[in-house]
Amino acid sequence: MIDKNSPLPIYAQLEEQIKERIESGNLKPGDGLPSEREYCERYGISRMTVRQAINNLVNDGYLRREKGKGTYVAEKKLEQQLQGLTSFTEDMKARGMEPSSTLLHFEIVPAPESIAQLLSVGQHEPVYRIRRIRLADGKPMALETSHIPANLVPGLTPDIVAGSLYQYIEERLRYPIDHSNQVIESAAAGEMESRHLSIPAGCPILLIQRDTFLKDGTPIETVKSAYRADRYKFVTTIRR
Ligand code: 16G
């Protein structure tokens, strides 16, 4: 099924074929790919051509390589809408996945200067510092560090943040969460992200800073999240 007379280069044809097999469900996440040699023999093409096709699919996130083992079909990335202000718990439930959290830190600390500014509280005023691994169906998706003004959000406990913070703020405290400013940028996983997200250090991650406000403009949280770039993509509709 490789057409050597086609204007489409051979590596691109092979790439399309593998992609098609993944998209049609013929090849499923976790399935191993035939070896480069098998592809060469099956299609009568060079090893370099096969390698180029496979490299492109690895770079595009369709495949992943495991050192010394082989090449596998990657998990599909989750599509995260950028339009709505939703919580991790809501996002995962909407996908039919089970959200959970591993709580790494829960403490009240005097606000460091940068945090005090973002939360519009006095320097050294108490803030919660909460670090959670956010998991979907038991698999780590993001590492999240939140700062929340302690005087504004009374009664927060480790048990509550093991569930949904937004649910507590809206349903128990009845505060109207209104809008966030959000910045997304790429970075490389450091030692901490690597350990908690089960990815090699140096792997790409998506860093998100979210500052959230109540209806009257009071800041309610400032959060830094590291999302696995191999499991997430952000999508939005834009108009003109
Ligand atoms: C999301 C938010 C985070 C918020 C959390 C609340 C991003 C980048 N971050 O993870 O700012 O604190 O949801 O989730 O989306 P929860 O209600 O499940 O605790």
Side-chain angles (χ1 to χ4, degrees), residues 78 80-94 97-136 140-187 189-193 195-197 205-229 232 234 236:
L78 300 183
Q80 176 73 49
Q81 290 288 337
L82 279 177
Q83 281 94 325
L85 171 46
T86 51
S87 73
F88 184 84
T89 302
E90 290 164 343
D91 289 339
M92 293 310 130
K93 284 192 173 158
M97 298 177 99
E98 186 58 36
S100 62
S101 297
T102 304
L103 189 57
L104 301 176
H105 285 300
F106 181 94
E107 54 191 355
I108 295 184
V109 296
E113 195 182 335
S114 60
I115 299 289
Q117 263 181 22
L118 289 167
L119 292 177
S120 299
V121 298
Q123 211 176 326
H124 307 309
E125 251 185 64
V127 293
Y128 297 99
R129 179 170 169 273
I130 299 162
R131 180 166 291 151
R132 301 181 282 178
I133 307 173
R134 314 298 314 256
L135 306 103
M141 294 288 158
L143 179 65
E144 204 162 74
T145 307
S146 316
H147 286 91
I148 297 161
N151 293 335
L152 185 65
V153 182
L156 210 54
T157 63
D159 267 0
I160 292 169
V161 295
S164 169
L165 173 66
Y166 279 13
Q167 196 179 351
Y168 179 74
I169 293 174
E170 291 181 321
E171 289 177 18
R172 290 280 294 282
L173 299 181
R174 301 208 165 273
Y175 290 164
I177 296 177
D178 188 68
H179 65 279
S180 295
N181 296 329
Q182 195 162 274
V183 177
I184 305 176
E185 58 189 327
S186 69
E191 191 277 325
M192 185 172 71
E193 290 84 12
R195 183 152 37 100
H196 295 305
L197 296 176
I205 50 173
L206 294 162
L207 275 189
I208 307 178
Q209 160 111 20
R210 185 188 277 192
D211 300 319
T212 305
F213 303 85
L214 301 179
K215 240 194 190 93
D216 65 1
T218 310
I220 188 92
E221 67 166 1
T222 175
V223 183
K224 278 197 170 127
S225 311
Y227 276 77
R228 285 180 56 153
Y232 257 88
F234 293 92
T236 187

Any side-chain heavy-atom pair of [X] and [Y] under 4.5 Å:
X: Arg131; Y: Met192; result: yes
X: Leu173; Y: Pro154; result: yes
X: Gln80; Y: Thr86; result: yes
X: Pro99; Y: Arg134; result: no
X: Leu118; Y: Gln209; result: yes
X: Leu78; Y: Asp91; result: no
X: Leu85; Y: Tyr166; result: yes
X: Ile177; Y: Glu221; result: no

How close do [X] and [Y] get, heavy atom to heavy atom, and via which atoms?
X: Glu193; Y: Ala226; value: CG-CB, 3.9 Å
X: Ser87; Y: Ser164; value: OG-OG, 4.3 Å
X: Gly155; Y: Ile160; value: O-CD1, 3.5 Å
X: Ser225; Y: Tyr227; value: CB-CE1, 3.5 Å
X: Pro140; Y: Ile133; value: CB-CG2, 3.9 Å
X: Val153; Y: Tyr128; value: O-OH, 2.9 Å

Is there a side chain to side chain contact (heavy atoms under 4.5 Å, CB included) between Asp178 and Leu214 once you walk through the steps? CA-CA 5 Å; Asp178 188 68; Leu214 301 179; 5.7 Å; no
Can you tell me how far [atom2] of [Y] sits from [atom1] of [X], rounded to the nearest 0.5 angstrom?
X: Met97; Y: Thr89; atom1: CE; atom2: OG1; answer: 13.5 Å
X: Ile220; Y: Ser180; atom1: CD1; atom2: OG; answer: 11.0 Å
X: Phe88; Y: Ser101; atom1: CZ; atom2: OG; answer: 7.0 Å
X: Leu104; Y: Glu144; atom1: CG; atom2: CD; answer: 11.5 Å
X: Ile148; Y: Leu119; atom1: CD1; atom2: CG; answer: 8.5 Å
X: Thr102; Y: Leu135; atom1: OG1; atom2: CG; answer: 4.5 Å

Apply side chain to side chain contact (heavy atoms under 4.5 Å, CB included) to the pair Leu156 and Ile130, showing each step before the final yes or no. CA-CA 10 Å; Leu156 210 54; Ile130 299 162; 3.9 Å; yes
Using modelled atom types only, decide if a donor and an acceptor are shared between the side chain of [X] and the backbone of [Y] within a distance under 3.5 Å.
X: Tyr232; Y: Ala142; value: no
X: Arg132; Y: Val161; value: yes
X: Gln117; Y: Ser114; value: no
X: Arg228; Y: Leu197; value: yes
X: Tyr175; Y: Leu152; value: yes

Before you tell me yes or no, could you show the steps for Lys224 and Leu207 under side chain to side chain contact (heavy atoms under 4.5 Å, CB included), namely the whole-Å CA-CA distance, both residues' side-chain angles and the distance that decides it to 0.1 Å? CA-CA 7 Å; Lys224 278 197 170 127; Leu207 275 189; over 6 Å; no
Glu113 atom CD, over 12 foreign heavy atoms within 6.0 Å: no
Heavy-atom count check: over 12 atoms from other residues, nucleotides or ligands less than 6.0 Å from Arg172 CZ?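 No, CZ of Arg172 has 12 or fewer neighbouring heavy atoms, counting only those of other groups under 6.0 Å.
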What I want to check is whether the side chains of Thr218 and Asp216 have a donor and an acceptor closer together than 3.5 Å.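 Asp216 and Thr218 do have a side-chain donor-acceptor pair below 3.5 Å.
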Walk me through it: do Val109 and Ile115 pass the test side chain to side chain contact (heavy atoms under 4.5 Å, CB included)? CA-CA 11 Å; Val109 296; Ile115 299 289; over 6 Å; no
